[in-house]
2 protein chains.
Amino acid sequence: MLSPTAVSPVAVRHANPASLASAPVRQTAARCSACAMRHLCMPQGLTSDEIPKLEALICSVRKVRRGEALYRAGDHFDNLYAVRSGSLKTLIVHRDGREQITGLQLAGEALGLDGIANDTHAFSAIALEDSSICTLPYAALKNLCRETVTMQDRLHRLMGDQFNREASQMMVLGSLSAEERVANFLLDVSERNWQRGYSHAEFHLRMSREDMGSYLGITLETVSRILSRFQKRNLIDAQGKLIRIVDIEGLRAL
Amino acid sequence: MLSPTAVSPVAVRHANPASLASAPVRQTAARCSACAMRHLCMPQGLTSDEIPKLEALICSVRKVRRGEALYRAGDHFDNLYAVRSGSLKTLIVHRDGREQITGLQLAGEALGLDGIANDTHAFSAIALEDSSICTLPYAALKNLCRETVTMQDRLHRLMGDQFNREASQMMVLGSLSAEERVANFLLDVSERNWQRGYSHAEFHLRMSREDMGSYLGITLETVSRILSRFQKRNLIDAQGKLIRIVDIEGLRAL
DNA sequence: CGTTTCTTTGATCTACTTCAAGGGGAGTGG
DNA sequence: CCACTCCCCTTGAAGTAGATCAAAGAAACG
């Protein structure tokens, strides 16, 4: 299994970009049944009597339609979330109205950590497509983490991983050229898709060019131009939001 | 007391940029005695029988000389740290050698969280001046967090806060102009200095222009030019690394 | 006190932005 | 099922913020 490090030019290792679990193995994710959280939270390491406790936590599944917010900056923080299906973006709104996309969450990934520091969400989370979301009450989770070392470890790693992921994005924004940023982003999404049991090479990227630009610190025009350039060089094949990676090594070489 | 939000144009609220404590109050920090950690970890909320437990954790104080590493990317992760005196920078090294400064840690602030996800440090932490560092074994800390809700909460908030801090920096790198970045950075350091009981208006910034540039995603020349410009406009008074903020509102207005 | 490293400032260059306009796809309503 | 509308995407042309190159001056350090 490729490590994310191998894919991303940015040298921060992500153990398990996922969530309250150690890496949901390819196969596990692929046959994900009712709720991603079951798999995400269960895997290796929990003893059989711990599993029901965890399951009891997962209160509800919430549907969020394309464009709607799962939560908004300023909302009270009560839950962590895991994307069951669909995808979301998280963003910060500057007081002058400028928006910065801080992350993209794919199926199987976690979000909500931006609320831990202040009991108040610092980001807004907006669905990029109709999505369903598993809800995990934070208070209950904390209790469980005091009972069970494994769960404590899992939560800590989740937090640590998101921390490292952000640091990695800081490197992207601070040090890479526009072309490198786009290549890096495509490889990152490709890798994450693959980790959850989907195709390495082809995926729907529901973000608009503008969202990508915001996430990468460049303009939508630049994103578009670079994607066209990549296509001309036979690195990718992009039809709007459907992206097919043709030459993964070529992208990595950038 | 000014909230960091008020200072920083970037709209992520930092509860307590500090550490395992709720905000070390101005006064507390000012009369900091033997070890910053004592104050950082003790304050409000711990019952008297919890305090000794925490103190028992603080194993050692380590000295790091200017330019030396407290830890390096790839090192095994065992401890969290709190800066007792001095300051450090954390950075990621890209495989092609490019470095990105990910943070500046002042006296009273915590570091080491980059190791949690993988049991391996993702950053390197380098002293910007001769510094002394309190060491907090992570394993022991985890145990304590399972015993004591207060400590658990404190650790979670610490992690959450660093997460939000990074997100805030993503906004800086992704959306602000060079001038805004520098102004924002000066205000941030000023605010953090003040929170730890030092001057709001005047401080030694031990980073080089190059470090600042790396942290802010611009070149050292640009940093230098902008500082000169600020000086001409009577916003600051900079003599090398000694920075005096003359017109804090003017800086905020940028 | 000399050497090195950091900082400032100027001149030029360029990667990316901004402005602008045309084209295409997806959803909606007829 | 088609046509309309809206939004998004693409591509071009021109402008600019910031990078790069260069060189001199100022601290810091042994």
Side-chain angles (χ1 to χ4, degrees), chain A residues 65-68 89 98-101 126-130 172-186 204-233 236-244 254, chain B residues 65-68 86-87 89 98-101 126-130 172-186 204-233 236-244 254:
Chain A
R65 322 225 14 204
R66 183 190 138 92
E68 284 180 359
K89 63 180 174 183
R98 277 179 284 191
E99 281 185 4
Q100 169 78 31
I101 308 273
I126 312 284
L128 291 167
E129 58 194 302
D130 295 357
V172 167
L173 293 168
S175 303
L176 303 194
S177 72
E179 223 173 58
E180 291 171 318
R181 293 181 200 198
V182 176
N184 183 77
F185 177 64
L186 294 178
H204 266 285
L205 197 44
R206 307 285 181 158
M207 289 176 125
S208 68
R209 301 294 188 251
E210 183 169 20
D211 285 341
M212 274 192 253
S214 169
Y215 183 55
L216 298 175
I218 56 186
T219 58
L220 64 138
E221 291 96 328
T222 301
V223 172
S224 176
R225 270 184 256 269
I226 287 173
L227 288 176
S228 302
R229 211 182 295 162
F230 283 175
Q231 187 140 4
K232 259 172 218 137
R233 289 198 227 147
I236 65 168
D237 181 8
Q239 321 249 16
K241 313 212 148 154
L242 183 66
I243 309 268
R244 204 164 57 83
L254 280 181
Chain B
R65 320 222 18 200
R66 182 189 140 91
E68 283 180 359
S87 58
K89 63 180 173 184
R98 276 179 284 189
E99 280 186 4
Q100 169 78 30
I101 308 273
I126 313 284
L128 291 168
E129 58 193 303
D130 295 357
V172 168
L173 293 168
S175 302
L176 303 194
S177 71
E179 222 174 58
E180 291 170 318
R181 293 181 200 198
V182 176
N184 183 78
F185 176 64
L186 293 177
H204 266 284
L205 197 45
R206 307 285 183 159
M207 291 175 123
S208 68
R209 301 294 189 250
E210 183 167 20
D211 286 340
M212 274 192 254
S214 170
Y215 182 55
L216 298 175
I218 56 186
T219 58
L220 65 134
E221 292 96 330
T222 301
V223 172
S224 177
R225 270 185 256 270
I226 287 173
L227 288 177
S228 302
R229 210 181 296 162
F230 283 176
Q231 187 140 4
K232 259 171 218 139
R233 291 197 226 147
I236 64 166
D237 181 9
Q239 321 249 14
K241 313 213 148 153
L242 183 66
I243 309 268
R244 204 163 59 81
L254 280 181

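Within every chain, numbering begins at 1; the chains are lettered A, B, ... in the order of the sequence lines, protein sequences first and strands thereafter.
The shortest distance between the side-chain N/O atoms of K241(B) and the OP1/OP2 oxygens of dT7(C) is below 4.0 Å. Note on T222(B): every side-chain N or O is 4.0 Å or more away from OP1 and OP2 of dG18(D). Checking the phosphate oxygens (OP1, OP2) of dT10(D), no side-chain nitrogen or oxygen of R225(A) falls inside 4.0 Å. Between T219(B) and the phosphate of dA19(D), there is a side-chain N or O to OP1/OP2 separation shorter than 4.0 Å.
Comparing K232(B) and R66(B) against DNA chain C, the residue whose closest nucleotide sits nearer the 5' end is R66(B).
Not a single donor-acceptor pair, N or O on each side, falls under 3.5 Å between the base of dC9(D) and the side chain of E210(A). Under 3.5 Å, the side chain of Q239(A) and the base of dC9(D) form no donor-acceptor pair of N or O atoms.
Put simply, CZ on R209(B) is 12 Å from P on dA27(D), counting in whole angstrom units. Taking atom CD of E129(B) as the reference point, atom P of dC29(D) lies 11 Å away to the nearest angstrom. With rounding to whole Å, L205(B) atom CG is found 17 Å from dA28(D) atom C1'. Going from atom CZ of R206(A) over to atom P of dC9(D) covers 13 Å, rounded to whole Å. Between R98(B) atom CZ and dA19(D) atom P there is a gap of 14 Å when expressed in whole angstrom units. Rounded to a whole Å, the CG atom of L216(B) is 19 Å from the P atom of dA17(D). For the pair M212(A) CE and dT10(D) C1', the computed distance is 13 Å after rounding to whole Å. Between the P atom of dC9(D) and the CD atom of Q231(A) lies a distance of 14 Å, rounded to the nearest Å.
Contacts of S208(B) with the nucleic acid, taken as non-hydrogen atoms under 4.0 Å apart, involve only primed sugar atoms and P, OP1 or OP2. At a threshold of 4.0 angstrom between heavy atoms, the contacts of S228(B) are confined to the sugar-phosphate backbone, with no base atom among them. Across all strands shown, L227(B) has no heavy atoms under 4.0 Å from either base or sugar-phosphate atoms.
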- prompt: What do the steps show when you test L128(A) against M207(A) for side chain to side chain contact (heavy atoms under 4.5 Å, CB included), and what is the final call?
  reply: CA-CA 6 Å; L128(A) 291 167; M207(A) 289 176 125; 3.8 Å; yes
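A donor and an acceptor atom, one from each side chain of S175(B) and Q100(A), are located under 3.5 Å apart.
Ion pairing between E221(B) and R209(B) fails under the 4.0 Å rule for side-chain N and carboxylate O.
Residues F185(B) and L176(B) have side chains not in contact (no heavy-atom distance under 4.5 Å, counting atoms from C-beta outward). The side-chain heavy atoms of H204(B) and I243(B), taken from C-beta on, include no pair separated by under 4.5 Å.
Here the nucleotide nearest the side chain of E221(A), chosen from dC16(C), dT7(C), dT11(D), is dT11(D).
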